[in-house]
Protein chains: 2
Amino acid sequence: MTLNHHSNTVCLCPLDGIIETIGKKWALLLVNEIGNHDSLRYNNLLKELKGISPSTLASMLKELQKEDIIFREAFNEIPPRVEYTLTKRGKELRIAIIPLLKWATKKGNFKIHCNCSLLKK
Amino acid sequence: MTLNHHSNTVCLCPLDGIIETIGKKWALLLVNEIGNHDSLRYNNLLKELKGISPSTLASMLKELQKEDIIFREAFNEIPPRVEYTLTKRGKELRIAIIPLLKWATKKGNFKIHCNCSLLKK
DNA sequence: CAGCATCCTGTGCGATACTG
DNA sequence: CAGTATCGCACAGGATGCTG
(Lines give C-alpha, C1' and ligand atoms only; values in the text may rest on other atoms or scores of the structure.)
Protein backbone atom coordinates (compact mmCIF):
# COMPACT_ATOMS: atom_id res chain seq x y z
CA MET A 1 0.00 0.00 0.00
CA THR A 2 1.45 3.30 -1.07
CA LEU A 3 0.43 6.48 0.70
CA ASN A 4 1.13 10.01 -0.38
CA HIS A 5 2.03 13.16 1.48
CA HIS A 6 -0.04 16.28 0.86
CA SER A 7 0.20 19.28 3.13
CA ASN A 8 -3.29 20.61 2.44
CA THR A 9 -5.15 17.36 2.51
CA VAL A 10 -5.64 14.43 4.81
CA CYS A 11 -3.14 11.71 4.16
CA LEU A 12 -3.25 8.19 5.45
CA CYS A 13 0.47 7.56 5.57
CA PRO A 14 0.41 6.88 9.33
CA LEU A 15 -1.90 3.98 8.67
CA ASP A 16 0.52 2.45 6.23
CA GLY A 17 1.25 -1.06 7.40
CA ILE A 18 -0.86 -0.95 10.54
CA ILE A 19 -4.14 -1.24 8.64
CA GLU A 20 -3.18 -4.71 7.48
CA THR A 21 -3.04 -5.70 11.13
CA ILE A 22 -5.88 -3.66 12.62
CA GLY A 23 -8.23 -4.49 9.79
CA LYS A 24 -8.00 -8.21 10.25
CA LYS A 25 -11.09 -10.05 11.33
CA TRP A 26 -10.13 -10.71 14.95
CA ALA A 27 -7.62 -7.96 15.69
CA LEU A 28 -9.82 -5.35 17.35
CA LEU A 29 -11.95 -7.99 19.04
CA LEU A 30 -8.82 -9.42 20.56
CA VAL A 31 -7.53 -6.03 21.69
CA ASN A 32 -10.89 -5.22 23.15
CA GLU A 33 -11.34 -8.53 24.91
CA ILE A 34 -7.97 -8.29 26.61
CA GLY A 35 -8.60 -4.66 27.49
CA ASN A 36 -11.91 -5.52 29.10
CA HIS A 37 -10.32 -8.13 31.32
CA ASP A 38 -6.96 -6.47 32.04
CA SER A 39 -5.29 -9.82 31.55
CA LEU A 40 -6.22 -13.01 29.76
CA ARG A 41 -4.76 -16.41 29.02
CA TYR A 42 -4.67 -18.27 25.74
CA ASN A 43 -7.48 -20.69 26.49
CA ASN A 44 -9.63 -17.93 27.94
CA LEU A 45 -9.35 -16.02 24.71
CA LEU A 46 -10.16 -19.15 22.78
CA LYS A 47 -13.44 -19.42 24.68
CA GLU A 48 -14.34 -15.73 24.88
CA LEU A 49 -13.79 -15.10 21.19
CA LYS A 50 -16.31 -17.64 20.07
CA GLY A 51 -15.38 -19.07 16.72
CA ILE A 52 -11.69 -18.28 16.53
CA SER A 53 -9.42 -21.21 15.79
CA PRO A 54 -6.24 -21.98 17.78
CA SER A 55 -3.97 -21.32 14.84
CA THR A 56 -5.63 -18.03 13.98
CA LEU A 57 -5.50 -16.89 17.59
CA ALA A 58 -1.83 -17.78 17.85
CA SER A 59 -0.90 -15.89 14.71
CA MET A 60 -2.94 -12.82 15.72
CA LEU A 61 -1.31 -12.78 19.14
CA LYS A 62 2.12 -12.83 17.55
CA GLU A 63 1.24 -10.10 15.12
CA LEU A 64 -0.15 -7.85 17.82
CA GLN A 65 2.93 -8.43 19.93
CA LYS A 66 5.12 -7.43 17.03
CA GLU A 67 3.11 -4.22 16.69
CA ASP A 68 3.61 -3.51 20.39
CA ILE A 69 -0.11 -3.63 21.07
CA ILE A 70 -0.25 -6.58 23.43
CA PHE A 71 2.28 -7.96 25.89
CA ARG A 72 3.00 -11.61 26.55
CA GLU A 73 4.19 -12.73 29.95
CA ALA A 74 5.15 -16.37 30.40
CA PHE A 75 5.48 -17.93 33.85
CA ASN A 76 7.78 -20.85 34.44
CA GLU A 77 5.24 -23.15 35.98
CA ILE A 78 3.81 -26.57 35.40
CA PRO A 79 1.36 -26.51 33.81
CA PRO A 80 2.61 -23.49 31.87
CA ARG A 81 0.86 -20.17 32.29
CA VAL A 82 0.91 -17.22 29.89
CA GLU A 83 -0.83 -13.92 30.51
CA TYR A 84 -1.68 -11.41 27.80
CA THR A 85 -2.16 -7.75 28.60
CA LEU A 86 -2.45 -4.55 26.60
CA THR A 87 0.63 -2.39 26.28
CA LYS A 88 0.36 1.36 26.76
CA ARG A 89 0.07 1.64 23.02
CA GLY A 90 -2.62 -1.03 23.01
CA LYS A 91 -4.69 0.86 25.57
CA GLU A 92 -4.35 4.02 23.51
CA LEU A 93 -5.54 2.14 20.45
CA ARG A 94 -8.61 1.09 22.35
CA ILE A 95 -9.40 4.74 23.00
CA ALA A 96 -8.54 5.84 19.48
CA ILE A 97 -11.18 3.68 17.85
CA ILE A 98 -14.06 5.09 19.89
CA PRO A 99 -14.92 7.80 17.32
CA LEU A 100 -15.02 5.09 14.72
CA LEU A 101 -17.39 3.09 16.90
CA LYS A 102 -19.59 6.14 17.35
CA TRP A 103 -19.58 6.69 13.61
CA ALA A 104 -20.52 3.08 12.97
CA THR A 105 -23.53 3.29 15.27
CA LYS A 106 -25.08 5.94 13.07
CA LYS A 107 -26.20 3.92 10.10
CA GLY A 108 -28.59 5.75 7.83
CA ASN A 109 -31.70 6.87 9.66
CA PHE A 110 -31.56 4.50 12.56
CA LYS A 111 -29.11 4.10 15.39
CA ILE A 112 -27.70 0.76 16.38
CA HIS A 113 -28.65 -0.13 19.91
CA CYS A 114 -25.59 -0.63 22.01
CA ASN A 115 -24.96 -0.73 25.74
CA CYS A 116 -21.33 0.27 25.69
CA SER A 117 -20.64 2.66 28.54
CA LEU A 118 -17.95 4.50 26.65
CA LEU A 119 -20.29 5.30 23.80
CA LYS A 120 -22.74 7.11 26.02
CA LYS A 121 -20.46 9.91 27.12
CA MET B 1 -17.86 -11.95 13.31
CA THR B 2 -19.83 -12.24 16.51
CA LEU B 3 -19.83 -9.38 18.93
CA ASN B 4 -21.14 -9.36 22.47
CA HIS B 5 -22.94 -6.74 24.49
CA HIS B 6 -21.56 -5.81 27.89
CA SER B 7 -22.77 -2.78 29.74
CA ASN B 8 -19.62 -2.16 31.74
CA THR B 9 -17.10 -2.76 29.04
CA VAL B 10 -16.29 -1.52 25.59
CA CYS B 11 -18.00 -3.58 22.96
CA LEU B 12 -17.34 -3.57 19.27
CA CYS B 13 -20.79 -4.47 18.13
CA PRO B 14 -21.14 -1.25 16.11
CA LEU B 15 -18.19 -2.34 14.02
CA ASP B 16 -19.83 -5.63 13.18
CA GLY B 17 -19.97 -5.88 9.44
CA ILE B 18 -18.43 -2.52 8.67
CA ILE B 19 -14.91 -3.64 9.59
CA GLU B 20 -14.93 -6.09 6.69
CA THR B 21 -15.37 -3.11 4.40
CA ILE B 22 -13.32 -0.43 6.14
CA GLY B 23 -10.43 -2.78 6.80
CA LYS B 24 -9.90 -3.66 3.18
CA LYS B 25 -6.70 -2.60 1.55
CA TRP B 26 -8.03 0.26 -0.55
CA ALA B 27 -11.16 1.31 1.33
CA LEU B 28 -9.83 4.20 3.42
CA LEU B 29 -7.47 5.31 0.67
CA LEU B 30 -10.43 5.55 -1.66
CA VAL B 31 -12.56 7.45 0.83
CA ASN B 32 -9.71 9.80 1.52
CA GLU B 33 -8.84 10.38 -2.11
CA ILE B 34 -12.41 11.28 -3.01
CA GLY B 35 -12.68 13.44 0.08
CA ASN B 36 -9.56 15.35 -0.83
CA HIS B 37 -10.89 16.15 -4.28
CA ASP B 38 -14.58 16.63 -3.49
CA SER B 39 -15.43 14.71 -6.62
CA LEU B 40 -13.57 12.19 -8.75
CA ARG B 41 -14.15 10.04 -11.80
CA TYR B 42 -13.35 6.38 -12.33
CA ASN B 43 -10.25 6.87 -14.41
CA ASN B 44 -8.97 9.60 -12.11
CA LEU B 45 -9.16 7.22 -9.20
CA LEU B 46 -7.41 4.56 -11.24
CA LYS B 47 -4.49 6.93 -11.73
CA GLU B 48 -4.43 8.56 -8.28
CA LEU B 49 -4.54 5.29 -6.38
CA LYS B 50 -1.40 3.95 -7.92
CA GLY B 51 -1.48 0.19 -8.11
CA ILE B 52 -5.19 -0.51 -7.86
CA SER B 53 -6.64 -2.65 -10.62
CA PRO B 54 -9.85 -1.84 -12.53
CA SER B 55 -11.72 -4.80 -11.13
CA THR B 56 -10.66 -4.09 -7.56
CA LEU B 57 -11.60 -0.42 -7.89
CA ALA B 58 -14.99 -1.31 -9.33
CA SER B 59 -15.79 -3.75 -6.55
CA MET B 60 -14.65 -1.33 -3.83
CA LEU B 61 -16.74 1.45 -5.32
CA LYS B 62 -19.79 -0.79 -5.27
CA GLU B 63 -19.17 -1.90 -1.72
CA LEU B 64 -18.71 1.65 -0.46
CA GLN B 65 -21.89 2.72 -2.21
CA LYS B 66 -23.77 -0.08 -0.54
CA GLU B 67 -22.47 1.13 2.82
CA ASP B 68 -23.66 4.65 2.03
CA ILE B 69 -20.14 6.04 2.21
CA ILE B 70 -19.74 7.24 -1.36
CA PHE B 71 -22.24 8.47 -3.89
CA ARG B 72 -22.28 7.69 -7.59
CA GLU B 73 -23.72 10.17 -10.05
CA ALA B 74 -23.93 9.16 -13.71
CA PHE B 75 -24.45 11.73 -16.47
CA ASN B 76 -26.12 10.79 -19.72
CA GLU B 77 -23.41 12.02 -22.01
CA ILE B 78 -21.20 10.70 -24.73
CA PRO B 79 -18.59 9.80 -23.72
CA PRO B 80 -20.16 8.70 -20.43
CA ARG B 81 -19.27 10.59 -17.26
CA VAL B 82 -19.59 9.35 -13.70
CA GLU B 83 -18.70 11.38 -10.63
CA TYR B 84 -17.98 9.92 -7.22
CA THR B 85 -18.43 11.99 -4.09
CA LEU B 86 -18.51 11.32 -0.36
CA THR B 87 -21.90 11.08 1.29
CA LYS B 88 -22.51 12.86 4.59
CA ARG B 89 -21.74 9.58 6.29
CA GLY B 90 -18.57 9.26 4.23
CA LYS B 91 -17.36 12.69 5.30
CA GLU B 92 -18.03 11.81 8.91
CA LEU B 93 -16.03 8.63 8.49
CA ARG B 94 -13.11 10.66 7.27
CA ILE B 95 -13.21 12.68 10.49
CA ALA B 96 -13.76 9.65 12.69
CA ILE B 97 -10.51 7.98 11.71
CA ILE B 98 -8.33 10.95 12.66
CA PRO B 99 -7.71 9.72 16.24
CA LEU B 100 -6.66 6.42 14.73
CA LEU B 101 -4.26 8.26 12.43
CA LYS B 102 -2.83 10.16 15.38
CA TRP B 103 -2.44 6.93 17.29
CA ALA B 104 -0.66 5.31 14.36
CA THR B 105 1.89 8.12 14.14
CA LYS B 106 3.12 7.32 17.63
CA LYS B 107 5.04 4.14 17.02
CA GLY B 108 7.24 3.14 19.93
CA ASN B 109 9.80 5.82 20.71
CA PHE B 110 9.78 7.64 17.43
CA LYS B 111 7.12 9.62 15.68
CA ILE B 112 6.29 9.13 12.02
CA HIS B 113 6.89 12.28 10.05
CA CYS B 114 3.75 13.38 8.34
CA ASN B 115 2.64 16.64 6.76
CA CYS B 116 -1.08 16.18 7.22
CA SER B 117 -2.62 19.46 8.27
CA LEU B 118 -5.37 17.78 10.22
CA LEU B 119 -2.88 15.90 12.35
CA LYS B 120 -1.18 19.07 13.55
CA LYS B 121 -4.13 20.53 15.37
C1' DC C 1 -1.83 -25.37 29.13
C1' DA C 2 -0.15 -23.07 25.26
C1' DG C 3 0.59 -23.45 21.36
C1' DC C 4 2.58 -25.55 16.44
C1' DA C 5 2.13 -28.42 12.01
C1' DT C 6 -0.70 -29.66 8.40
C1' DC C 7 -4.33 -29.45 5.27
C1' DC C 8 -7.98 -27.11 3.05
C1' DT C 9 -11.24 -23.53 1.46
C1' DG C 10 -12.71 -18.86 0.45
C1' DT C 11 -11.62 -14.62 -1.31
C1' DG C 12 -9.07 -10.24 -1.80
C1' DC C 13 -6.71 -8.49 -5.28
C1' DG C 14 -3.69 -7.95 -9.47
C1' DA C 15 -3.23 -8.42 -14.78
C1' DT C 16 -5.15 -8.35 -18.97
C1' DA C 17 -8.51 -8.21 -22.52
C1' DC C 18 -12.92 -6.95 -23.90
C1' DT C 19 -17.64 -4.15 -24.21
C1' DG C 20 -21.71 -0.60 -24.21
C1' DC D 1 -15.04 6.61 -20.51
C1' DA D 2 -16.54 3.39 -17.29
C1' DG D 3 -16.59 -0.34 -16.35
C1' DT D 4 -17.06 -6.18 -16.90
C1' DA D 5 -15.06 -10.97 -17.66
C1' DT D 6 -11.70 -14.19 -16.91
C1' DC D 7 -7.72 -16.07 -14.90
C1' DG D 8 -4.44 -16.83 -11.32
C1' DC D 9 -1.98 -16.22 -7.11
C1' DA D 10 -1.35 -15.30 -2.23
C1' DC D 11 -2.99 -15.39 2.06
C1' DA D 12 -6.51 -15.19 5.89
C1' DG D 13 -8.47 -18.21 8.56
C1' DG D 14 -11.05 -22.77 9.91
C1' DA D 15 -10.43 -27.89 11.45
C1' DT D 16 -7.89 -31.24 13.42
C1' DG D 17 -4.21 -33.63 15.58
C1' DC D 18 0.19 -33.42 17.92
C1' DT D 19 3.90 -31.68 21.35
C1' DG D 20 6.94 -29.55 25.14
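Residue numbers start from 1 in every chain, and the chains themselves are labelled A, B, ... in the order their sequence lines are given, proteins ahead of strands.
- For the pair B:K62 and D:dT4, the criterion of a side-chain N or O lying under 4.0 Å from OP1 or OP2 is met.
- Checked against side-chain hydrogen bond (donor to acceptor under 3.5 Å, both in side chains), B:K91 has no partners two or more places apart in sequence or in another chain.
- Rounded to an integer number of Å, the gap from A:L57 CG to D:dT16 C1' is 16 Å.
- The side chain to side chain contact (heavy atoms under 4.5 Å, CB included) test applied to A:T87 returns A:D68, A:F71, A:R89, not counting sequence neighbours.
- With sequence neighbours excluded, the residues forming a side-chain hydrogen bond (donor to acceptor under 3.5 Å, both in side chains) with A:R81 are A:E77, A:E83, listed by chain and number.
- Every residue two or more places apart in sequence or in another chain that forms a side chain to side chain contact (heavy atoms under 4.5 Å, CB included) with B:E63 is listed here: B:T21, B:K24, B:M60.
- The side-chain heavy atoms of A:I69 and A:I22, taken from C-beta on, include a pair separated by under 4.5 Å.
- Residue A:R81 contributes atom CZ, which lies 18 Å from atom C1' of D:dG20 at whole-angstrom precision.
- Counting non-hydrogen atoms under 4.0 angstrom, A:S55 reaches a base of the nucleic acid.
- For B:K62, there are no salt bridge (charged side-chain N to carboxylate O under 4.0 Å, His left out) partners at least two apart in sequence or on another chain.
- Side-chain contact between B:T85 and B:H37: absent, with no pair of heavy atoms (C-beta onward) separated by less than 4.5 Å.
- Only A:R41, A:Y42, A:N43, listed by number, bring a heavy atom of residues 38-47 of chain A to less than 4.0 angstrom from any atom of DNA chain C.
- Between the axis at the start and the axis at the end of the helix from C:dC1-D:dG20 to C:dG20-D:dC1 there is an angle of 50°, using five pairs per end and rounding to 10 degrees.
- Using a 4.5 Å cut-off on side-chain heavy atoms (C-beta onward), A:V82 and A:R41 make no contact.
- Between B:L28 and A:L15, the closest side-chain pair of non-hydrogen atoms falls below 4.5 Å.
- Contact check for B:E33 versus B:L45: side-chain heavy atoms found under the 4.5 Å cut-off.
- Here chain B contacts DNA chain C (any atom closer than 4.0 Å to a heavy atom, that is under 4.0 Å), and the contacts span C:dG12 to C:dG20 from 5' to 3'.
- When side chains are defined from C-beta on, B:L30 counts as touching B:L57, because their heavy atoms get closer than 4.5 Å.
- For the pair A:Y42 (side chain) and A:P54 (backbone), a donor-acceptor distance under 3.5 Å is present.
- Using a 4.5 Å cut-off on side-chain heavy atoms (C-beta onward), A:W103 and B:I18 make contact.
- No side-chain heavy atom of B:L12 sits under 4.5 Å from any side-chain heavy atom of B:I19.
- Looking at A:Q65, its side chain does come within 3.5 Å of a backbone N or O of A:L61 through a donor-acceptor pair.
- Each of A:P54 and A:P80 has a nearest nucleotide on DNA chain C; the 5'-most of these lies closest to A:P80.
- Residues from residues 69-79 of chain A with heavy atoms under 4.0 angstrom of DNA chain D: there are none.
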Distances under 3.5 Å between protein N/O atoms and the N/O atoms of nucleotides 11-13 of chain D, please, pair by pair.
{"residue": "D:dG13", "atom": "OP1", "partner": "A:K25", "partner atom": "N", "Å": "2.9"}

